[in-house]
*Asks:* 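Sharing a structure below in structure tokens format, with a few things to ask.
Predicted model, so just to flag it, every value in this text is computed and none were measured.
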Amino acid sequence: MIKDTYAIEGMTCASCAQTVEKSVNKLKGIQDVSVNLATEKMSVSYDGAALSGNDIEQAVEDAGYKALKNTATQSFEIEGMTCASCAQTIEKSVAKVAGVDTVSVNLATEKMTVSYDEGAVSTGDILKAVEDAGYQAIPETASHAGDDGADKRQAHIKELWTRFIWSAIFTIPLLYVAMGPMLPFGGLPIPGFLDPVQHTVTYAITQLILTLPVIYLGRSFYTVGYKALFKGHPNMDSLIAIGTSAALLQGIVMTVLLAIGRVEVQHGHPDLYFESAAVILALITLGKYLEAVSKGKTSEAIKKLMGLAPKTARVVRNGEEVEISIDAVVTGDILVVRPGDKIPVDGVIVEGSSAVDESMITGESIPIEKKAGDNVVGASINKNGSFRFKATKVGKDTTLSQIIKLVEDAQGSKAPIAKLADKVSGIFVPIVIGLAALSGLAWFFLGQESWVFALTITISVLVIACPCALGLATPTAIMVGTGKGAENGVLIKSGDALEEAQKIHTIVFDKTGTITEGKPVVTDIVNYNGYDEEEVLLIAASAEVSSEHPLGEAIVEGAKERQLTFKEVKAFNAIPGHGIQVEVDDQTVLLGNRKLMVENNIDMMDAQEVSDRLASEGKTPMFIAADNQLIGIVAVADTIKENSIAAIDKLHRMGIEVAMITGDNKRTAEAIAKQVGIDRVFSEVLPEDKANEVKKLQNEGLHVAMVGDGINDAPALAQSNVGIAIGSGTDVAIESADIVLMRSDLMDVPTAIELSRATIKNIKQNLFWAFAYNTVGIPVAMGVLHLFGGPLLNPMFAGAAMSLSSVSVLLNALRLKGFKPKA
């Protein structure tokens with residue numbers, strides 16, 4: 001039985017509460033429902049097998065109200081995980097807590113993200129569930145805990161290296177002693193006064209003395225492994241603990257039997273497995289060390305981003321400049337920035353000016369001139385001037401912190417392809433324990449082999465069959481892929497988006513502000529009747545100086561750029577649907593469309609043909625007449641962005657169809673489409689209909705990406721399989737998107753697709769080798785080759801192979817760090 005709490009919106013009286021209760025009560029599987037009008041909350045108990053939370057929300061909506069789950073999302077650091085089955089165990093344990101919606105544990109980042117109903121579950125309940133599973137969870141604080149996490153990782157890496165060195169110090173002489181009888185000058189020098197039995201017992205006890213420190217150094221394998229085993233959730237440590245314990249126990253039993261004379265030894269070489277236990281622990285510790293180092297490298301993107309932020313800031317307090325910690329800066333503070341300083345937080349300049357290097361955010365290497373009223377971004381670098389600015393965003397609200405959060409969330413998420421590995425690794429360890437026991441017993445009873453041989457088989461199977469490689473295959477590649485994306489100005493918000501992007505068949509671009517600059521400019525000036533181009537532009541700009549029309553503003557800006565001095569204007573008269581009539585320097589000036597000219601009997605000469613040509617190029621022509629004669633045409637257009645043509649050409653070469661969606665008329669839209677090489681054009685589309693156009697493409701069976709920058713693009717971004725927002729766009733568009741292009745460069749669209757393809761290819765390689773390793777390794781360890789006269793796998797080599805499998809997967813994932821967008 002599931003208990004959930006919902007916030008109900010839209011209730012105004014007691015009968016509303018009754019209506020909601022009755023509506024929900026009609027659902028099959030509802031045991032109890034109670035609606036509280038005062039708190040506007042609904043408590044429901046229901047059979048999760050009969051209906052879902054979505055059914056309840058729909059029932060409330062059908063009644064005319066809205067049910068919202070009081071859902072919170074919290075991240076936790078997990079301590080004690082060693083393999084993929086650990087992550088599975090924690091997920092299962094936390095998922096059983098009533099009120100938990102989703103839980104995702106990432107082995108590579110050692111983090112857990114939980115979405116839960118705050119009314120039904122507390123953080124304490126989640127912590128207890130993790131503890132009951134045999135691990136420890138630490139809630140991440142609101143402030144960024146990345147530095148602490150990095151320190152912990154470094155401490156863990158150092159501790160593993162120290163453990164390995166000390167393990168090697170005892171294991172190398174142990175291996176020399178154990179293998180001595182097989183070496184020309186090897187073996188343990190034993191005093192001559194001992195008889196053969198005493199000699200052999202001394203040989204065995206020496207090995208035991210050298211083995212025990214290695215067992216102690218690797219005690220965490222036993223504490224974690226057996227704890228997980230007894231709780232019914234065996235993991236990789238359980239396999240190692242059982243295998244090495246069996247080897248150690250066999251050696252101790254053999255030593256005792258030797259001491260009491262129950263076993264005779266031929267050739268002075270008893271069957272002891274002390275060296276196997278020690279070598280396995282030493283090699284696996286080395287593997288864990290290499291794994292930890294590699295995992296640390298996968299999160300370098302976060303470290304680089306965090307390293308951009310300054311630690312201190314100069315703030316004006318009580319009329320004086322004081323240097324304070326960056327954490328102490330609050331919204332509204334006035335901060336002082338000197339040449340060469342990093343800007344501490346986001347804000348608006350109130351005094352002074354400078355050039356600011358914002359390449360860490362935009363990728364644009366040329367410094368941007370900033371003056372009073374302009375925005376500045378935290379962690380960007382001030383170049384040559386000094387200024388003061390008012391803090392508008394601090395702490396976790398700054399642009400840099402938001403980027404870090406996006407990258408962290410993406411690295412902690414799972415791609416759908418990971419579900420296969422999760423399912424396999426979740427049931428893998430119990431199956432391996434069963435196979436190890438079965439193969440050992442089969443060789444002993446059916447193969448008529450000695451119990452020592454059977455034990456060797458059992459230990460080898462237990463040690464070689466670690467599911468670590470499976471568990472690391474996906475998250476490590478996602479970490480490196482999303483980190484590499486951040487370095488290239490492409491923020492990929494989740495593993496889902498990363499996987500979906502490589503399936504894209506069609507990309508739909510919004511026109512204004514995406515393919516084009518979004519700001520009209522003067523493109524052409526045609527002059528008539530003795531006027532030159534500059535005179536035509538000056539008269540047109542003087543006439544439009546009081547206009548608020550975007551096309552008029554473009555003409556005024558064009559004149560300002562040429563540093564023209566405006567003429568005196570009188571008697572401004574707007575003529576709806578036609579244009580304007582203005583007195584400019586005692587001349588009557590008409591500026592507008594063809595209708596305006598015809599109605600005033602202006603001789604058009606060849607102007608109509610010129611106008612049609614300009615219109616076919618996607619430009620908007622405006623006619624200008626002075627004192628009843630045509631003096632010129634000024635054409636205004638929204639110019640195409642520098643990289644639009646190159647980006648669309650590259651997408652075509654990648655086999656992707658490109659479409660454009662715009663509210664412009666068909667003629668203008670097709671003119672733009674022709675210039676940049678668009679395959680499909682959706683013109684005269686109202687903002688609210690953009691999502692429907694995307695849906696129509698999806699109904700054709702296409703995987704569709706939408707690229708946009710405005711509020712009116714948000715529904716289409718959400719509707720598409722992958723929404724891609726231009727970083728310079730609105731917050732709403734960025735929030736609705738799956739991928740954000742921080743540099744606002746359309747060349748980053750194919751880069752995002754390329755990165756997705758490279759990452760998913762890497763994940764598939766990792767999964768293939770992880771599956772292949774276990775598919776080949778387990779039968780070899782079970783002695784299949786030995787049946788046909790082949791060699792038997794030594795448990796020590798099994799331990800080395802297991803460690804190398806995990807390291808090889810990590811190293812393959814790290815190859816993504818060399819990703820570069822193709823030309």
*Asks:* Under the side chain to side chain contact (heavy atoms under 4.5 Å, CB included) test against Phe509, which residue among Val749, Ile661, Ile724 passes?
*Replies:* Val749
*Asks:* What are the two closest heavy atoms between Ala477 and Asn762, and how far apart are they?
*Replies:* CB-OD1, 3.7 Å
*Asks:* Would you list the pairs meeting side chain to side chain donor-acceptor pair (under 3.5 Å) in which at least one residue belongs to residues 50-63, sequence neighbours left out?
*Replies:* Ser52-Asp55, Gln58-Asp62
*Asks:* Checking Gln765 now: which residues fulfil side-chain hydrogen bond (donor to acceptor under 3.5 Å, both in side chains) with it, not counting sequence neighbours?
*Replies:* Asn812, Arg815
*Asks:* Main chain of Ser34, side chain of Ser43: is a donor-acceptor contact present, judged purely on distance under 3.5 Å?
*Replies:* no
*Asks:* Looking at Ile478, is its backbone amide N or carbonyl O close enough to the side chain of Thr482 to form a donor-acceptor pair, meaning the two atoms are under 3.5 Å apart?
*Replies:* yes
*Asks:* Roughly how far apart are Met654 CE and Arg757 CZ, rounded to 0.5 Å?
*Replies:* 4.0 Å
*Asks:* Answer yes if the side chains of Ser756 and Gln502 hold a donor-acceptor pair under 3.5 Å, and no otherwise.
*Replies:* no
*Asks:* Ignoring hydrogens and angles, tell me if any N or O in the side chain of Thr514 forms a donor-acceptor pair with the backbone of Lys511 under 3.5 Å.
*Replies:* no
*Asks:* Closest approach of Ala497 and Ile492, non-hydrogen atoms and distance?
*Replies:* CB-CG2, 4.2 Å
*Asks:* Minimum heavy-atom separation for Thr89 and Ala133, please, with both atom names.
*Replies:* CG2-CB, 4.0 Å
*Asks:* Please evaluate residues Asp125 and Ser122 with respect to the criterion side chain to side chain donor-acceptor pair (under 3.5 Å), reporting the C-alpha separation (whole Å), side-chain torsions for both, the decisive distance (0.1 Å), and the verdict.
*Replies:* CA-CA 5 Å; Asp125 296 329; Ser122 68; 3.2 Å; yes
*Asks:* Are the side chain of Gln31 and the backbone N or O of Ser45 linked by a donor-acceptor pair below 3.5 Å?
*Replies:* no
*Asks:* Please tell me whether Ser115 and Thr73 have a donor and an acceptor in their side chains that are separated by less than 3.5 angstrom.
*Replies:* yes
*Asks:* Can a salt bridge be assigned to the pair Lys696 and Glu693 using a cut-off of 4.0 Å between side-chain N and carboxylate O?
*Replies:* yes
*Asks:* For Gly378, is there any backbone N or O sitting under 3.5 Å from a side-chain donor or acceptor partner on Asp346?
*Replies:* yes
*Asks:* Using the test side-chain hydrogen bond (donor to acceptor under 3.5 Å, both in side chains), find all partners of Glu21 that sit at least two apart in sequence or belong to another chain.
*Replies:* none
*Asks:* Using the side chain to side chain contact (heavy atoms under 4.5 Å, CB included) definition, which of the options Val130, Leu127, Ile138 pairs with Phe76?
*Replies:* Leu127
*Asks:* Do you know the tightest heavy-atom contact between Leu755 and Gly485?
*Replies:* CD2-CA, 3.4 Å
*Asks:* If only atom types and distance count, is the side chain of Asp47 paired as donor or acceptor with the main-chain N or O of Ala49 below 3.5 Å?
*Replies:* yes
*Asks:* Which one of His505, Gln698, Lys503, Met706 satisfies the side chain to side chain contact (heavy atoms under 4.5 Å, CB included) criterion with Asn721?
*Replies:* Gln698
